[in-house]
A.B. asks: 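One structure, pasted below without further comment.
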Amino acid sequence: MNGTTLSLAGVAVALLITWANFRPWWKGTRDPKALVPYGSGWLLGALATICVGGLLGWGAAGIAGLTAGAGDTVVGKVVGTGAAQLASARMGALTPAGGVVVFLTLCAVILLYKASEKKDKRRIAGGVVSGAVMAALPGIAAALAWLPDTVNAIGAYGHALAGGGSL
């Protein structure tokens, strides 16, 4: 994902999506369950940034590029400035067993999406977009460096339980 196009305006769009999802929760009951749709989408978007060579990685790079392009266009038209490009980074690498965990996460988010109401479906989609953009930022990627390791460890544990390795 190091070749991903990120811009300051695209990150602003991702932050706006995050704020639009977090603010109603903050002003409401603050029930943690209300964050599940957005959070699950965000996790999937973030995990997609480490899926190099797969459809999820391609999708995450495309989302980041579209968000950057749309943000740059809107900001350019509104205030008349040019694009402010940003560097991108990746959290780490997936093992084959970690890839299975990411695939199962994708399946879980798809099932959640299918079972959700319209408003929660938008929250899941918004989470995917903002997760794919924000997890590609070098500072956030560094802060989330534990995530690929955790996914890989869960996958290794499942692999060992299935008889393919040692605990």
Side-chain angles (χ1 to χ4, degrees), residues 1-6 10-11 14-15 17-22 24-26 28-67 87-167:
M1 181 102 176
N2 287 334
T4 301
T5 303
L6 289 177
V11 172
L15 290 172
I17 292 169
T18 300
W19 177 77
N21 282 280
F22 187 69
W25 175 83
W26 188 259
T29 62
R30 296 189 191 174
D31 181 11
K33 289 185 285 187
L35 293 175
V36 169
Y38 177 77
S40 62
W42 200 99
L43 175 65
L44 181 61
L47 288 175
T49 65
I50 58 174
C51 294
V52 177
L55 286 176
L56 283 178
W58 177 79
I63 287 169
L66 288 172
T67 306
S88 63
R90 210 163 33 111
M91 291 180 276
L94 281 178
T95 62
V100 172
V101 174
V102 173
F103 175 75
L104 292 174
T105 302
L106 170 66
C107 292
V109 172
I110 289 171
L111 290 173
L112 177 65
Y113 184 86
K114 288 190 169 282
S116 296
E117 297 174 6
K118 186 176 180 181
K119 187 181 266 188
D120 284 342
K121 286 182 177 183
R122 288 194 306 247
R123 288 184 175 131
I124 293 168
V128 170
V129 170
S130 58
V133 172
M134 290 194 289
L137 292 169
I140 293 177
L144 292 177
W146 58 270
L147 187 58
D149 295 336
T150 303
V151 168
N152 290 335
I154 292 168
Y157 185 74
H159 186 238
L161 284 177
S166 62
L167 292 175

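Heavy-atom basis, side chains included; hydrogens, waters and symmetry copies ignored.
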A.B. asks: Could you tell me which non-hydrogen atom of Ala93 sits nearest to which non-hydrogen atom of Pro148, and how far apart they are?
C.D. replies: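 Ala93 and Pro148 have their closest heavy atoms at O-CB, 4.0 Å.
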A.B. asks: With a 4.5 Å limit on heavy-atom distance, are the side chains of Thr18 and Met134 in contact?
C.D. replies: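 Of all side-chain heavy-atom pairs linking Met134 with Thr18, at least one is under 4.5 Å.
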A.B. asks: How many angstroms lie between atom CG of Leu35 and atom CZ of Arg30, to the nearest 0.5 angstrom?
C.D. replies: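 Reported to 0.5 Å precision, the distance equals 11.0 Å.
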A.B. asks: Taking all non-hydrogen atoms of both residues into account, name the closest pair between Leu6 and Ser88 and its distance.
C.D. replies: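 Heavy atoms of Leu6 and Ser88 come nearest at CD1-CB, 3.6 Å.
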A.B. asks: Might you point out which heavy atoms bring Met91 and Leu47 nearest each other, and give the distance in Å?
C.D. replies: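 Scanning both residues completely, I find the closest heavy atoms to be CE-N, 4.5 Å.
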A.B. asks: For Leu43, which of Val151, Val109, Val102, Leu147 qualifies under side-chain contact (heavy atoms from CB on, under 4.5 Å)?
C.D. replies: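 Filter result, single survivor: Leu147.
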A.B. asks: How close do Ile17 and Gly126 get, heavy atom to heavy atom, and via which atoms?
C.D. replies: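 Minimum heavy-atom contact is CG2-O, 3.4 Å.
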A.B. asks: Considering all heavy atoms of both residues, which atom of Leu56 and which atom of Leu44 are nearest to each other, and what is their separation?
C.D. replies: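 Closest approach of Leu56 to Leu44, heavy atoms only: CD1-CD1, 4.4 Å.
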A.B. asks: Side chain of Asn152, backbone of Thr95: donor and acceptor closer than 3.5 Å?
C.D. replies: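 Pair found, side chain donor or acceptor close to backbone of Thr95.
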A.B. asks: Shortest non-hydrogen contact from Ile124 to Ser40?
C.D. replies: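 Shortest heavy-atom separation between Ile124 and Ser40 comes out as CG1-OG, 4.3 Å.
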A.B. asks: Check whether the side chains of Ser130 and Tyr38 place a donor and an acceptor atom closer than 3.5 Å, and report yes or no.
C.D. replies: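 Looking only at side-chain atoms, Tyr38 and Ser130 do form a donor-acceptor pair, the distance falling under 3.5 Å.
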A.B. asks: Return the CD1 to OG1 distance between Ile110 and Thr105, rounded to the nearest 0.5 Å.
C.D. replies: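 These two atoms lie 11.0 Å from each other.
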A.B. asks: Does Trp19 reach the side chain of Leu15, with side-chain heavy atoms less than 4.5 Å apart?
C.D. replies: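 Not touching, per the 4.5 Å side-chain cut-off.
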A.B. asks: Please report the interatomic distance NZ(Lys121) to CG(Leu112), rounded to the nearest 0.5 Å.
C.D. replies: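 With rounding to 0.5 Å, NZ (Lys121) is 10.5 Å from CG (Leu112).
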A.B. asks: Holding to side chain to side chain contact (heavy atoms under 4.5 Å, CB included), I want the full list of residues that pass it with Pro24, two or more places apart in sequence or in another chain.
C.D. replies: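 Checked Pro24 against side chain to side chain contact (heavy atoms under 4.5 Å, CB included); zero matches.
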